Every structure is written in C-alpha cells, then in structure tokens.
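The structure appears below as structure tokens.
Everything numeric in this text was worked out from a predicted model, so none of it was measured.
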Amino acid sequence: MTKIINVIKGTHDILPQEVDKWHILEENALKIFSRYGYKEIRTPIFEATELFARGVGDTTDIVNKEMYTFEKSERSLTLRPENTAGVVRAYIENGMARLSPPVKLWYKGPMFRYERPQKGRQRQFHQVGVEMFGIKEPTADAEVILMAVNYLKSLGLNDLDVEINSLGCPKCREEFKKRLKEVLKPEFDNLCDDCKTRYEKNPLRLLDCKVESCKAIFEKPEIQKVIQVDYICEECAEHFAKLKTYLDKLNVKYNVNKLLVRGLDYYNRTVFEIKSNNLGSQNAVCGGGRYDSLVKNLGGDDTPAVGWAMGMERLNSLLPDSEPQKLNGYIVSTSPVDAFELAEELRNDGFNIEFDLSNKKFTKQLEKASKVADYALILGEDEIKAGKVSVKNLATGEQKTVSRQELRSIL
RNA sequence: GCGCCUGUCGUCAAGCGGUUAAGACCUCGGAUUGUGGUUCCGAUAUGCAUGGGUUCGAAUCCCAUCAGGCGCCCCA
C-alpha cells in the first residue's frame, strides 16, 4: 500500500462531529460583537516578516523563535503568529484613521506558532479577537473587557477569573524598571538564566517567572515593597482607577494582579487575562490590553487602541459536547427517481433530506433512516400511485400516510 | 530547546518471551422480497509505528528512528 501522509505535528483536523461547537463559537462572536458595533475584518494569513518584528516586538519569544518564516521572490514572509499587527496594518493601509472613532473591528482565524505542542497549545491554532482604535479613555478598556466577559457568558462560560493590571505608560514604566533593577541587583546571581536575560532586556517580565527560586526572591519584603508601590504616574493611575470603577459598576468581577505583565511588547497601561481552572497548564482563554503606540510604530498616526484575543481551541475544550444534528427526513424508496424528486422538493423548502443512493433493500433503508433522521418518508409503489407519502416518526413509531403538502407541516 | 510517558484493526483496547493476536464499538452482509432502532448469525489485523539486534522462539526484551501525549519555557 502507498504510504499515507499524516497531518503536520501540532496541527489537526476539525472533524464533522466537532464542527458544531466551532459554529457556536463563531456565531456567538458575530452576534455579541455586533451588539457593540464591531465589524468583522479578514486579513491575510501571511504578511511581511517585518510587520511582526516591528509590531509584536523583536525581543519576544514569538518573534525570536516561534515564527513560520519563508522566502518568496526575495521577500521574507511570515505566517501570522497573532493578528493584532495585521489588523493594525490594515487599519493604517486602508485609511481607517479617517473614519470617525472609535473604529471597532473583530476577527477570527488560524494563527501559527512553532512551539512544542501540548494540551491547549498547537502550532496551528485559532483565535477570535477584537481591536478598538481611537479612544484613549478607560471606557474603551472597560467596554472591551465587558464584551469579552459577555461573549464567554453567551457560551455558557461563567466561572472564569478576570485579572487586570496596569503597566503604566512608557514614561513611568521606565521609572519602575529602574527601581526594580536596583532592588534586584543584590539577587542577580540567584536568578535563573532566563531572568538574567530579562533583567537586561525586559525587566517587567521578571515578575512573570515561574521558577520557584525566582518566585521566592520576589516574595522578599524589600522587593514586594517596590512591586506593591504604584510607580505609575498620576494620569496612568487615574486611568486604571476609572477602569476599575466602570468594571465595578458593571458587575464585572476581577482581581488586580500586579504580576500580570504579558509577553508582547506593545502593551501599555491596561493589560488583562481571563483564565479557567479546567484547562491544564495552558489556562488563559483570553489575553489583551491597551497598545497606544503600536499604530504609530507601524507608520500610522498616533492612535490609541485596545484589544484582546481568545484561543478558540481552548474555548472549544470548555464547551460541552453537542449532540449531532439529525436530518429532518430520510426517504425510504425503491424508486430512485421518485426519491430524488421528493428530496429536491423538500430541500428547496429548507428541509434536510437524504435517501439511499445505492438502492438497498427496504429494511436496510429503514434501519439507516432510524439512525440519521427524525422521520422516515416512505415512498413505495402504493404511495407513488396515490401521490402521497407515508411518514413515520422514528422516535415514537407512529406512522400515517399524508399528501405532500401535509408532509411539510409535520417535518 | 529540555524532561517524562506512550505507539496492537476505522475507534477503544486484552496480551507482560512460546506455537491460529481476546473482546467491545463502528462498518458491511444475512436471519427479514414494504416496516427500523432490540435480538441472533457471519465478515473484517498473515500482523502489533518503522528499521536493526538478543533468542530455538519477539507484539512482548534491547537500541535507533519516526509519530503522539503531558510538563517546563512561552502564550490564546
């Protein structure tokens, strides 16, 4: 036998028996986001590599070691590892800055990251996300978080933890980094290797370290003092305070997590995550925040923005399995031509209808009907002559012979 | 990139060095020439991820390769 070709590591097929759940995710996204005035945008799956290097940040793991990059016609192209950079590119390129703010966009689609696959993490995965441009006030942050929570609620996901934090603006963040480095200096040699690198490149990420010895260091009182004190400036503090007020008034439950930093470089001020306890170690279903400098960094006008993304596979695994959808009717007939005609008639009226294409025996057809449909539509010689159909309710066994017109009201 | 675990039919599996590789589900056929979902009978792995090795003998032990899972890291 010829060797079969397998799916690529870290990718997988979404099979018919699970696709219903995907439809639920997608339909609810359209429904909920539309209520808030968001429009869907679809951007290409690959972009210029430079977009991600400049957009996501070239010190991030995503850009450093996880991108699928390839050359074509002497251009370096990359399969998108996330979609914020692409949406921002589209926003700039299509002159959406000329639209009356806020500009509200949402998207869904596959993303690609070259990582070791594990539970809740694949190399091709899907995200649904939103981006809002043009509003610097914390109302935007609040709306976006509220919408995330309501989207999750619409999926029946209520018991999730919302964590928020403020990173401050570039100005006050520098101050915080400076203080953090000062207080950690005596401990530098005790940090893990990754943290030693972070210490130089991106000190905020130190707080995210999962290594026990590092966590212990950060628990020390003199270091906690620096972490707990708000180094963010007055304006940033006010922004964050207002956001919390809005969330309180809107009954969005959240925790402030000072250690929440996030791995993408473009965030400032508000960052947030939504986590589930039922996902294993990859427990974040949603991550996002404010990125006021990204549009400008990518060549657009100075435009404030805020957004988030959710991992659809992770959402999917939190959804209960759905019952497979049955056909409205399965035609049992020994006359393919008549079966065809009846099937087409009913299909045109919006019913889901199948019949046996291989002309099997009557009992086999009925057996098949009982497995895949709610009703068996029996179309034998007698019925054909009389211009009628015998309808059998396969759940109750009830059967009656009716005209084709009556048939529609039964199905 | 590192660590641990696992590969037997389409699926879930039993098998733990001895000669025809259990079983269940699914699928297909029959009992059953117009009445199913229950039941009964039958069919379906010359092969145990692949390649080597040990042995009189290997799905079972060893090595390598490949694939998958989980964890670290990072993230959705």
Side-chain angles (χ1 to χ4, degrees), chain A residues 3-12 15 17 25 56 59-66 81-84 108-129 148 152 192-195 197-198 202 205 208-212 214 260-264 272-276 279-289 307-318 326 330 332-335 358 360-384 390-399 401:
Chain A
K3 189 178 182 296
I4 63 167
I5 297 165
N6 302 109
V7 277
I8 301 302
K9 188 192 194 91
T11 71
H12 77 77
L15 298 171
Q17 60 265 31
L25 293 179
V56 179
T59 65
T60 60
D61 280 359
I62 290 177
V63 171
N64 273 328
K65 45 190 191 194
E66 296 176 5
E82 57 97 57
N83 207 28
T84 297
K108 62 171 197 284
M111 308 293 160
F112 306 85
R113 292 182 199 173
Y114 188 78
E115 300 177 273
R116 275 299 281 275
Q118 66 184 67
K119 191 177 172 67
R121 195 175 66 189
Q122 296 165 247
R123 289 181 174 178
Q124 179 179 167
F125 62 104
H126 297 76
Q127 285 188 332
V128 56
L152 293 167
C192 69
D193 288 346
D194 283 338
C195 279
T197 314
R198 292 184 187 124
N202 196 347
R205 293 280 296 286
D208 235 2
C209 189
K210 307 290 191 298
V211 177
E212 286 304 326
C214 290
L260 179 62
V261 175
R262 305 197 47 73
L264 284 68
F272 58 91
E273 277 184 10
I274 302 178
K275 293 177 179 172
S276 164
L279 279 176
S281 61
Q282 308 302 322
N283 63 353
V285 284
C286 176
W308 51 252
M310 296 196 194
M312 294 178 79
E313 279 79 2
R314 292 182 190 178
L315 288 177
N316 200 52
S317 69
L318 292 174
K326 282 196 168 181
Y330 190 92
V332 174
S333 175
T334 47
S335 167
S358 52
K360 286 199 182 64
K361 278 193 254 182
F362 183 89
T363 48
K364 287 291 165 193
Q365 292 192 29
L366 197 56
E367 186 181 338
K368 172 84 172 182
S370 72
K371 285 177 184 161
V372 301
D374 293 327
Y375 289 93
L377 311 178
I378 299 165
L379 196 60
E381 282 172 36
D382 299 347
E383 285 91 349
I384 292 168
S390 293
V391 191
K392 178 164 190 151
N393 182 324
L394 291 162
T396 63
E398 212 179 315
Q399 178 174 332
T401 304

Kindly write out the residues that satisfy side-chain hydrogen bond (donor to acceptor under 3.5 Å, both in side chains) with [X], not counting sequence neighbours, or none if the list is empty.
X: A:K361; result: none
X: A:T11; result: none
X: A:S276; result: none
X: A:S370; result: none

First encountered from the 5' end of RNA chain B, between A:N393 and A:E313:
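Here A:N393 is the residue nearer the 5' end.
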Closest nucleotide of RNA chain B for A:H126 versus for A:E367: which of these residues is on the 5' side?
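Closest to the 5' end, via its nearest nucleotide, is A:E367.
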Could you run through nucleotides 24-35 of chain B and give me one letter per nucleotide, 5' to 3': B if any protein heavy atom sits under 4.0 Å from the base, S if only the sugar-phosphate is that close, - if neither?
---S-SSSSSBB
Answer yes or no: side-chain N or O of A:R121 and base N or O of B:C70 forming a donor-acceptor pair under 3.5 Å.
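Per atom types, no contact qualifies.
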With rounding to whole Å, what would you report as the distance between [N] and [M] at their [atom1] atoms?
N: B:A13; M: B:U8; atom1: P; result: 9 Å
N: B:C73; M: B:C2; atom1: C1'; result: 9 Å
N: B:C48; M: B:U35; atom1: P; result: 47 Å
N: B:C61; M: B:A22; atom1: C1'; result: 23 Å
N: B:C62; M: B:C4; atom1: P; result: 15 Å
N: B:A21; M: B:A43; atom1: P; result: 15 Å
N: B:A49; M: B:C66; atom1: C1'; result: 7 Å
N: B:C9; M: B:U33; atom1: C1'; result: 35 Å

For [N], give the paired nucleotide (Watson-Crick: N1-N3 plus N6-O4 or O6-N4; G-U: N1-O2 and O6-N3; both under 3.5 Å), or none.
N: B:A31; value: B:U39
N: B:G18; value: B:C56
N: B:C4; value: B:G69
N: B:U44; value: none
N: B:U11; value: B:A24

Sequence-distant partners of [X], side chain to side chain contact (heavy atoms under 4.5 Å, CB included), two or more places apart:
X: A:S390; result: A:I378, A:E383, A:Q399, A:T401
X: A:I384; result: A:S335, A:D338, A:L379
X: A:Q17; result: A:L15

Rounded off to whole Å, could you give me the [atom1]-to-[atom2] distance for the [X] and [N] pair?
X: A:E115; N: B:G69; atom1: CD; atom2: P; result: 14 Å
X: A:E273; N: B:C75; atom1: CD; atom2: C1'; result: 8 Å
X: A:N283; N: B:A76; atom1: CG; atom2: C1'; result: 11 Å
X: A:D61; N: B:G1; atom1: CG; atom2: C1'; result: 11 Å
X: A:I274; N: B:C75; atom1: CD1; atom2: C1'; result: 15 Å
X: A:W308; N: B:C75; atom1: CH2; atom2: C1'; result: 16 Å
X: A:M312; N: B:C75; atom1: CE; atom2: P; result: 22 Å
X: A:Q118; N: B:G71; atom1: CD; atom2: C1'; result: 6 Å

Please work out if [X] contacts a base, only the sugar-phosphate, or nothing of the nucleic acid, heavy-atom cut-off 4.0 Å.
X: A:G288; answer: nothing
X: A:Q282; answer: base
X: A:A309; answer: sugar-phosphate
X: A:G129; answer: nothing
X: A:A376; answer: nothing

Quick one: do A:R121 and A:E115 make a salt bridge, cutoff under 4.0 Å?
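Yes, charged N to carboxylate O under 4.0 Å.
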Restricting to non-hydrogen atoms, name the atom on A:P110 and the atom on A:Q124 that form the minimum distance, rounded to 0.1 Å.
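A:P110 and A:Q124 have their closest heavy atoms at CB-OE1, 3.3 Å.
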Kindly write out the residues that satisfy salt bridge (charged side-chain N to carboxylate O under 4.0 Å, His left out) with A:R123, not counting sequence neighbours, or none if the list is empty.
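Scan of A:R123 (salt bridge (charged side-chain N to carboxylate O under 4.0 Å, His left out), adjacent residues dropped) gives none.
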Would you say NZ of A:K326 has more than 12 non-hydrogen atoms from neighbouring residues, nucleotides or ligands within 6.0 angstrom?
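Atom NZ in A:K326 is packed in, count exceeds 12.
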So how far is it from A:Y375 OH to A:N393 CG, rounded to the nearest 0.5 Å?
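Answer rounded to 0.5 Å: 4.5 Å.
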Protein and nucleotides 4-6 of chain B: nitrogen or oxygen contacts under 3.5 angstrom:
none

Pairs satisfying salt bridge (Lys or Arg N to Asp or Glu O under 4.0 Å), at least one member in residues 362-378 of chain A, at least two apart:
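Of all non-adjacent pairs touching residues 362-378 of chain A, those that pass salt bridge (Lys or Arg N to Asp or Glu O under 4.0 Å) are A:K364-A:E367, A:E367-A:K371.
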Polar atoms only, N or O, under 3.5 Å: list the protein pairs with nucleotides 42-44 of chain B and their distances.
none

Could you walk me through whether A:L377 and A:V332 pass the side-chain contact (heavy atoms from CB on, under 4.5 Å) test, one step at a time?
CA-CA 6 Å; A:L377 311 178; A:V332 174; over 6 Å; no
